Number of protein chains: 2
Amino acid sequence: MTADGHDKTRKSTVSKSDAVYRALKRAILDQALAAGTKLPEDSIGERLGVSRTIVRQALARLNGEGLIELRPHKGACVAQPSLEDGRNIFAVRRSLEALVVDSLIGKLSPQQIRQLEAHVEAEDMARANDTATSIQLAGEFHVLLAKLTENDILSRYVTELVSRSSLILSLYGRPHSPDCAVSEHRELITALARGDRDKAGALMHHHIDAITTRALLKSQTEKDFPDLLAAYAREEGL
Amino acid sequence: MTADGHDKTRKSTVSKSDAVYRALKRAILDQALAAGTKLPEDSIGERLGVSRTIVRQALARLNGEGLIELRPHKGACVAQPSLEDGRNIFAVRRSLEALVVDSLIGKLSPQQIRQLEAHVEAEDMARANDTATSIQLAGEFHVLLAKLTENDILSRYVTELVSRSSLILSLYGRPHSPDCAVSEHRELITALARGDRDKAGALMHHHIDAITTRALLKSQTEKDFPDLLAAYAREEGL
DNA sequence: TCAGGAAAATATGTATACGAATATGGGAGA
DNA sequence: TCTCCCATATTCGTATACATATTTTCCTGA
């Protein structure tokens, strides 16, 4: 079934910590583990049938990618990025995804274009039905684009930023509105396929800005916790 | 001496794996450990007086940052980035350091400008005397700029890329030529201080392009190992 | 009833031990 | 002498055990 051999042994062969890492990552991005959730090594290991050693490795990796916070002697919990973190992440994304577009202009094969179109098609399919996979696919579109550049560092960073963006969205974003994303993705593919560098760059910038706005929507209505408390304090004359 | 307490206990308090991580990282960036050097967990642990557990954590982290390569059941060795890796790394640096400049324009306090000038001064001092620290300081200038943006993600990525750039330079770059770097850094500070966005952006792009050229110099004269071998094979009629 | 604190329980940090995979070296056979 | 293969040794992957830090609980005293 796979290149390296039988399917049965594969999972056990490719290192357990990797499996735990992926499981935790998916759980976080699916919001099965909400932001701030404590992640005790013992429980996770017991639950997944591995030792703490393995869990620890996975947690260290997730910490490196900013998906969890890891405070000494206090254990791990799902990251709760601040609004400023959100702004920073999207600012970097804007730069890097511009580089993605720039790297891809005039270099996409017909087959790659079909691949992108197929992905957007899948996004469209999931648009109304399945909200969860819809969000996931929207993010993976950007990851796919980044991977097509064959720039490993670029694609690693974009992947990481997209993951963290999901967290931001779950914390501060509006419920969900993937409709525009799909059409924006389509327009971007068209511009890329036509080799229109300026148009593609402008579309990507606009697209990321749109995501940023949606993701950080609550920044105007809802305050950070400390500020929220301060407001109440003022009302009580404290 | 430090914020968190007495100096004596500090080192033992802030986790051993962090210390090992920093030691190995410095050793790699100082080229005390040449690219490709094997890094057996046992030896390192014995040498540094810690258990393999700690060394493993440090190695995993270095692997995440691309400074070492970690192949299953084969152990770790100092990374040997390819020329393509080099091109990719500098391409991403170009984008991100442009964002650094953009973030800093019009936002540098007089004190921060003095800090930057002091750093370049130090670069100038080490220019002729100490080649090793000269290289190090040149890289740290970019790290310092990135940190001044107060964008944690941006500064983390730039730091990582600067580290990996050092590796690239040690593999493919010409011996050393920091003279131009110093003057270019000075010009950049001036443009930043004056708030001249276009000038600063252009300077940074030019500066990174210059570094890229110097770093990947051997790309024209010296081939990759496989290509090199292929050339010999052709000569022998193989 | 509530505040303070000590002891127990829990969780993390680190070391060690054992099993598995890979690299190494030597001997048998051609 | 060279090649192939098996035994040995080294190194990595993982689990477990012990040490240390933190959280919780519950008791004491005001």
Side-chain angles (χ1 to χ4, degrees), chain A residues 2-6 8-24 27-28 33-34 36-65 67-80, chain B residues 2-24 27-28 33 36-65 67-80:
Chain A
T2 57
D4 69 320
H6 16 240
K8 188 170 43 181
T9 60
R10 203 198 60 159
K11 198 183 164 195
S12 57
T13 308
V14 288
S15 92
K16 296 187 177 183
S17 85
D18 209 57
V20 174
Y21 159 79
R22 282 198 302 271
L24 287 174
I28 292 171
L33 296 170
T37 306
K38 283 207 69 178
L39 302 168
E41 300 171 359
D42 274 327
S43 333
I44 296 172
E46 198 175 345
R47 185 73 185 71
L48 298 179
V50 294
S51 79
R52 271 182 55 215
T53 309
I54 305 300
V55 177
R56 247 180 117 64
Q57 289 174 19
L59 290 177
R61 196 166 156 198
L62 289 167
N63 178 57
E65 295 176 8
L67 288 180
I68 69 171
E69 280 162 26
L70 204 50
R71 281 164 327 184
H73 295 288
K74 297 275 198 83
C77 62
V78 179
Q80 290 181 294
Chain B
T2 56
D4 68 321
H6 18 241
D7 190 37
K8 188 170 43 181
T9 60
R10 203 198 60 157
K11 197 184 164 195
S12 57
T13 308
V14 288
S15 93
K16 296 188 177 183
S17 87
D18 209 59
V20 174
Y21 160 78
R22 282 198 303 268
L24 286 174
I28 292 171
L33 295 170
T37 306
K38 282 208 71 178
L39 301 168
E41 300 171 358
D42 274 327
S43 333
I44 296 172
E46 197 175 346
R47 185 72 185 73
L48 298 179
V50 294
S51 80
R52 272 183 55 214
T53 310
I54 305 300
V55 178
R56 243 179 121 64
Q57 289 175 17
L59 289 177
R61 196 166 155 197
L62 289 167
N63 178 57
E65 295 177 7
L67 288 181
I68 70 171
E69 280 162 25
L70 204 51
R71 280 162 326 181
H73 294 288
K74 297 275 200 81
C77 62
V78 179
Q80 291 181 295

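What's counted below: heavy atoms across the whole structure, side chains too, no hydrogens, waters or symmetry copies. Every value quoted in this text rests on a predicted model; they were computed, and no experiment measured them. Lettering follows sequence order; numbering is per chain, from 1.
B/Arg56 has a side-chain polar atom (N or O) that falls below the 4.0 Å cut-off from OP1 or OP2 of D/dG13. At the phosphate of D/dT14, neither OP1 nor OP2 sits under 4.0 Å from any side-chain N or O atom of A/Thr53.
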- What is the per-nucleotide protein-contact pattern of nucleotides 17-23 of chain D, from the 5' end, where B denotes a base atom under 4.0 Å from a protein heavy atom, S denotes such proximity for sugar-phosphate atoms only, and - denotes neither? B---SSS
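Applying the side chain to side chain contact (heavy atoms under 4.5 Å, CB included) criterion to A/Ser51, with sequence neighbours excluded, gives A/Thr53, A/Ile54.
A/Asp18 and A/Arg61 make their closest contact through OD1-NH1, 2.6 Å (heavy atoms, listed as atom of the first residue, atom of the second, distance). Considering all non-hydrogen atoms of both residues, B/Ala76 and B/Ile68 come closest at CB-CD1, 3.8 Å.
Of the listed nucleotides (C/dT12, C/dT14, D/dT14), C/dT12 has the atom at the smallest distance from the side chain of A/Asp42. Comparing C/dT14, D/dA15, D/dC12 by their closest approach to the side chain of B/Ser51 singles out C/dT14.
In this structure, B/Lys16 and B/Gln57 have side chains that are not in contact, with every pair of non-hydrogen atoms separated by 4.5 Å or more. Residues A/Val55 and A/Leu48 have side chains not in contact (no heavy-atom distance under 4.5 Å, counting atoms from C-beta outward). Taking 4.5 Å as the limit, every side-chain heavy atom of B/Leu62 sits out of range of all side-chain heavy atoms of B/Leu70.
Look at CD on A/Gln57: it is 15 Å from C1' on C/dG13, rounded to the nearest Å. When the P atom of C/dT22 is taken as reference, atom CZ of B/Arg71 falls 12 Å away, rounded to whole Å. Residue A/Asp18 contributes atom CG, which lies 12 Å from atom P of D/dG13 at whole-angstrom precision. Between B/Glu41 atom CD and C/dT22 atom P the separation is 15 Å, expressed in whole Å. Between the CD atom of A/Glu46 and the P atom of D/dA15 there is a distance of 14 Å, rounded to whole Å. Rounding to whole angstrom units, NZ of residue B/Lys16 and P of C/dG13 are separated by 13 Å.
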